[in-house]
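Scroll down for the structure; my scribbles are underneath it.
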Amino acid sequence: MNKKSNGKTRLETMLVMLLLIVFGISTYTLVVVTATSYEKTQAETTAKDNLRLASSYIESKLRSADKDNVKIVDSIFDSQSKAIVLEEKLEGDTYQTAIYYKDNALREIYIKKGTQLEDTSGFEIAKIDKFDIEKLQNNTLNISFATSTNEQDYDMQTIVNLN
C-alpha cells in the first residue's frame with residue numbers, strides 16, 4: 001500500500017511540474033507579444049503626433065505673423081529643403097524666424113537679419129522625414145510633411161492662406 005501512494009505522489013508531482021512549465025511558457029509568450037504590440041503602437045502614435053505637431057506649429061506661426069513678411073526661401077543653412085522665413089522689426093532692427101528641415105527634424109531659429117551662421121541646428125520642433133513647401137496662387141501655401149515607422153509611412157498636408 002505504501003508503494004501505491006508513493007507512485008501516485010510522483011505522478012501528481014510530475015503533473016504539477018508540467019502545469020507550471022506550461023503556465024510559465026504561456027506567461028512568457030503573452031508578455032513578449034504584448035510588449036511587441038505596445039512598441040508598435042507607441043511608434044505609430046509618436047509618428048502621427050510629430051506630424052500633427054509640425055502642422056499645428058507652422059499654422060500658428062503663420063497665422064500670428066504679418067502676412068507681408070512671410071517668405072519662402074529655397075535653402076537655408078546649407079539645408080537642401082525650402083524654409084519659411086518670417087521677418088519682424090524690433091527697435092529698428094529686422095529679425096527673422098526661420099522654420100526649416102534639417103537632420104530629420106523640423107527646426108526653428110530666431111536670428112537678426114544678416115547674421116552669418118555656420119552649421120547651426122536651431123530649436124527642434126518635431127522629428128519628421130520630409131518637409132516641402134509649395135506656393136500656390138492667391139498667396140496660399142501647401143505644406144507637406146512625411147514620417148515613417150518600421151512598418152508604415154505617414155504623410156500630412158496643410159494648406160495655409162496668407163491673406
Side-chain angles (χ1 to χ4, degrees), residues 1-65 70 72-86 96-111 117-136 140-162:
M1 186 166 190
N2 198 6
K3 286 186 176 185
K4 279 187 175 180
S5 64
N6 193 15
K8 209 175 200 186
T9 304
R10 285 186 200 163
L11 181 61
E12 288 174 352
T13 304
M14 288 174 49
L15 286 174
V16 169
M17 293 300 282
L18 183 63
L19 283 173
L20 284 173
I21 290 170
V22 168
F23 177 73
I25 291 171
S26 299
T27 303
Y28 177 76
T29 304
L30 181 64
V31 167
V32 168
V33 168
T34 303
T36 303
S37 176
Y38 177 77
E39 184 179 332
K40 179 182 172 188
T41 303
Q42 185 66 26
E44 289 175 1
T45 301
T46 302
K48 291 176 186 176
D49 285 347
N50 280 328
L51 288 178
R52 284 191 293 268
L53 176 63
S55 176
S56 175
Y57 189 84
I58 287 180
E59 281 184 46
S60 67
K61 280 290 194 176
L62 289 174
R63 288 190 176 136
S64 66
V70 175
I72 306 302
V73 179
D74 286 332
S75 66
I76 192 166
F77 309 128
D78 298 329
S79 173
Q80 298 302 321
S81 71
K82 294 180 180 179
I84 299 171
V85 177
L86 312 170
Q96 295 178 319
T97 301
I99 302 171
Y100 59 98
Y101 175 78
K102 182 178 181 182
D103 298 332
N104 290 336
L106 185 66
R107 298 179 178 276
E108 175 190 69
I109 192 164
Y110 184 75
I111 56 172
L117 298 174
E118 293 184 27
D119 198 31
T120 186
S121 293
F123 173 72
E124 183 177 302
I125 299 167
K127 290 199 175 288
I128 57 174
D129 295 330
K130 180 186 156 223
F131 172 65
D132 192 34
I133 309 160
E134 181 183 358
K135 193 163 189 175
L136 304 175
T140 303
L141 299 178
N142 181 12
I143 305 166
S144 60
F145 311 92
T147 192
S148 62
T149 61
N150 291 337
E151 299 189 14
Q152 192 165 353
D153 296 331
Y154 301 97
D155 59 347
M156 177 182 273
Q157 285 191 338
T158 302
I159 296 176
V160 179
N161 189 349
L162 297 178

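Worth knowing before you read on, the calculation uses all heavy atoms, side chains too, and leaves out hydrogens, waters and symmetry mates.
Heavy-atom minimum distance, Ala47 versus Thr147: O-CG2, 3.5 Å. Here the closest heavy-atom approach between residue Ile143 and residue Ile58 is recorded as CD1-CG2, 3.5 Å. Minimum heavy-atom separation, Ile133 to Ala83: CD1-C, 3.8 Å. Summarising the geometry of Arg107 relative to Ile125, their closest heavy-atom pair is C-CD1, 3.9 Å, with the distance given to 0.1 Å.
Take Asp132 and apply the side-chain hydrogen bond (donor to acceptor under 3.5 Å, both in side chains) test, not counting sequence neighbours, and it matches no residue. The side-chain contact (heavy atoms from CB on, under 4.5 Å) check on Lys61 picks up Tyr57, Leu86, Thr97, Ile99, Glu108, with sequence neighbours excluded. Shown here are the side-chain hydrogen bond (donor to acceptor under 3.5 Å, both in side chains) partners of Ser55, two or more places apart in sequence or in another chain: Glu59, Thr158. Partners of Lys48 by salt bridge (charged side-chain N to carboxylate O under 4.0 Å, His left out), not counting sequence neighbours: none found. Listed by chain and residue number, Asn163 satisfy the side-chain hydrogen bond (donor to acceptor under 3.5 Å, both in side chains) test with Asn161 (two or more places apart in sequence, or in another chain). Residues forming a ring-ring contact (aromatic ring centres under 6.0 Å, His included) with Tyr154 (at least two apart in sequence, or on another chain): none. In this view, Ser148 and Asp129 satisfy the side-chain hydrogen bond (donor to acceptor under 3.5 Å, both in side chains) rule, not counting sequence neighbours. Residues satisfying the salt bridge (charged side-chain N to carboxylate O under 4.0 Å, His left out) test with Glu39, not counting sequence neighbours, are none. Residues satisfying the side-chain contact (heavy atoms from CB on, under 4.5 Å) test with Ala43, not counting sequence neighbours, are Thr149. Qualifying salt bridge (charged side-chain N to carboxylate O under 4.0 Å, His left out) partners for Asp49, counting only residues two or more places apart in sequence or in other chains: Arg52. Taking Thr34 as the reference, Leu30 meet the side-chain contact (heavy atoms from CB on, under 4.5 Å) condition, with sequence neighbours excluded.
Note on residues 23-33: no pairs pass salt bridge (Lys or Arg N to Asp or Glu O under 4.0 Å), not counting sequence neighbours.
Considering CG of Asn150 and CD of Glu44, their distance stands at 10.5 Å, rounded to 0.5 Å. Between the CG atom of Leu18 and the CZ atom of Phe23 there is a distance of 14.0 Å, given to the nearest 0.5 Å. Summarising the geometry, atom CG belonging to Leu51 is positioned 11.5 Å from atom CD belonging to Gln157; distances are rounded to the nearest 0.5 Å. The distance from atom OH of Tyr101 to atom NZ of Lys82, rounded to the nearest 0.5 Å, is 16.0 Å. Going from atom CG of Leu106 over to atom CZ of Phe123 covers 10.5 Å, rounded to the nearest 0.5 Å. With values rounded to the nearest 0.5 angstrom, Leu53 atom CG is found 11.5 Å from Thr46 atom OG1.
Looking at heavy atoms from C-beta onward, Leu136 lies in side-chain contact with Glu134 at the 4.5 angstrom threshold. Here the side chains of Ile72 and Ile84 are in contact, with some heavy-atom distance below 4.5 Å. Val73 places none of its side-chain heavy atoms less than 4.5 Å from the side chain of Tyr100.
No donor-acceptor pair closer than 3.5 Å links the side chain of Ser37 to the backbone N or O of Val33.
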